[in-house]
Amino acid sequence: MEIKFADRLQKLPPYLFARLEELTEAKRAEGVDIIDFGIGDPDLPTPEPIVKAVQDAVAKPENHPYSSSAGEFYLRKAVADWYKVRFGVDVDPRKEVCITIGSKEAIANICKAFVNAGEKVISPDPAYPVYAAGAAVLSDAIPVKVPLRAENGFLLDTAECPTDAKMLYLNYPNNPTGAVCDLDYLKSVMQWCKDTDTIFCYDNAYSEMCFDGYLAPSALEAGRDVIEFGSLSKTFNMTGYRIGYAVGDERLIAGLKKVKSQIDSGAPMFIQEAAAYALGMYKGRKLPDIITENMEVYAQRREILVKGLREMGFDVPMPKATFYVWFDCGMDSMKFTEKMLNLGLVFTPGVGFGDAGQGYVRVALTQPSERILEALERMKESGL
Ligand SMILES: Cc1ncc(COP(=O)(O)O)c(C=O)c1O
């Protein structure tokens, strides 16, 4: 029997990161000391009290069965309480919140709920690849990539977006550019979406990874015509726990729940219990100490890296949020990345996030300061 992938799988773009992984493995096999700045996965551990909360929760037999695909009510309530404390927004945990198995699945599943085959889905370019691939292509929709331009602070310009799309994905603080936006900008995008009948999906996965006193807004502060995705992954160094949330318009939440009810059975209850504990650490609008301490580590790394790259002549913006440094490498981004790999340094080529990322490189601040200094030294010695 011949086994062929479905057409939609064949439409997925080539996965450039897989080639990078192969090249990295080859270097490692040669015995090269690899310093990996590639993946957006915190190297810092989950804060101790949260680990303890998971341990306590997993020991309880009542946490061993299936959950519900929409999540346990107490966690939906904890998310709603957190929205009130952190953003000053009231949401109904019964209708306006859904717990997700990390935000990635929900970002993809929302498209299945509302977009028909052949309809357009707007994705920024460069962007987290899931919007165009996992969401649009795997829903048989047509991804329309709209460039984020440096001269516009990497903010999507809705004037460049098609007005006949079904859905728009937007993400600030932004992966991969590190760009941030303000509430007025979110209001203007929400208005555009209303005017053009486009479903607004806001990815706020990095809302808590902020520096220098900046605090990212929620799109729900701009109004209710949106579904927002959030995650405990980056905020609490919990990427492997797979826990997130979607909050917003009850019809959009209902659609997401309906899709999820057919394909998953919810996040593990012991993780949900720990997630509720983690969100409960917020006592006001500002970040709890545990996150501030985390962000201080990233801030210090960010300064070392940005300063070092600037000294080598690169024009590197100091990101106000996320743990990514994004800069113009002055050449083809894959070529630059391969050059770096010869020095044992794994950077991510901007073009892996879309054509508009060509000429750029993303560096994740997921290595200790000493390793960042070592990487800068290797770059300097190579004559860059
Ligand atoms: C922009 C963005 N959104 C969403 C996610 C998904 O995170 P998770 O599924 O761990 O919540 C990521 C992960 O890197 C991301 O960069």
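Note: hydrogens, waters and symmetry copies are ignored here, and every other heavy atom, side chains too, is used. Counting starts at 1 for both ligands and their atoms, following the listed order. Nothing fancy with the numbering, it's 1 onward along the sequence.
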- Judged by modelled atom types alone, do Glu105 and Thr100 share a side-chain donor-acceptor pair under 3.5 Å? no
- Geometric class of the Tyr131/Tyr169 ring pair [parallel <30°, tilted 30-60°, perpendicular >60°]: parallel
- Query: Could you walk me through whether Asn63 and Glu273 pass the side-chain hydrogen bond (donor to acceptor under 3.5 Å, both in side chains) check?
  - Reply: CA-CA 9 Å; Asn63 279 335; Glu273 200 171 304; 2.8 Å; yes
- So the atoms of ligand 1 within less than 4.0 Å of a heavy atom of Ile107 turn out to be 4 (C)
- Which atoms of ligand 1 sit under 4.0 Å from any heavy atom of Ala205? 3 (N), 4 (C)
- Looking only at protein heavy atoms, identify the closest one to atom 10 (O) of ligand 1 and say how far it is in Å. Ser233 OG, 2.6 Å
- Do the two ring centres, one from Tyr172 and one from Tyr202, sit under 6.0 Å apart? no
- Could you tell me whether Arg224 atom CZ has more than 12 heavy atoms of other residues or ligands within 6.0 Å of it? yes
- Query: How far apart are the C-alpha atoms of Tyr214 and Phe211, what are their side-chain angles, what is the distance that settles it, and do they pass the ring-ring contact (aromatic ring centres under 6.0 Å, His included) test?
  - Reply: CA-CA 6 Å; Tyr214 171 78; Phe211 301 117; 9.7 Å; no
- Query: Counting each atom of ligand 1 from 1 as listed, which ones have a heavy atom of Tyr206 under 4.0 Å away?
  - Reply: 1 (C), 2 (C), 14 (O), 15 (C), 16 (O)
- Message: I need the atoms of ligand 1 closer than 4.0 Å to a non-hydrogen atom of Arg242, numbered in the order shown.
- Response: 8 (P), 9 (O), 10 (O)
- Message: If you measure every N or O of Thr239 against every N or O of ligand 1, does any of those distances drop under 3.5 Å?
- Response: no
- Note on the structure: Which of Val91, Val97, Asp92 passes side-chain contact (heavy atoms from CB on, under 4.5 Å) with Arg76? It is Val97
- Message: Checking a contact table here: which protein heavy atom is nearest atom 7 (O) of ligand 1, and how many Å away?
- Response: Ser103 OG, 3.5 Å
- Item | Val130 contact mode with ligand 1 (heavy-atom cut-off under 4.0 Å) | neither
- Task: Could you tell me whether Tyr131 approaches ligand 1 through its side chain, its backbone, both or neither, with non-hydrogen atoms closer than 4.0 Å?
- Result: side chain
- Message: I'd like the name of whichever of Lys234, Lys104, Met238 reaches closest to atom 13 (C) of ligand 1 through any heavy atom.
- Response: Lys234
- Item | Those atoms of ligand 1 less than 4.0 Å from some heavy atom in Gly102 | 9 (O), 11 (O)
- Note on the structure: So the atoms of ligand 1 within less than 4.0 Å of a heavy atom of Asn171 turn out to be 1 (C)
- Query: Tell me: protein heavy atom nearest atom 1 (C) of ligand 1, and distance?
  - Reply: Asp203 OD2, 3.2 Å
- Query: Any idea how Trp326 and Tyr360 line up, ring-wise: parallel (<30°), tilted (30 to 60°), or perpendicular (>60°)?
  - Reply: parallel
- Task: Can you run down the ring-ring contact (aromatic ring centres under 6.0 Å, His included) pairs that involve residues 256-282, sequence neighbours left out, and say none if there aren't any?
- Result: Trp82-Tyr282
- Proximity winner for atom 6 (C) of ligand 1, if only heavy atoms of Phe353, Tyr241, Tyr128 are counted: Tyr128
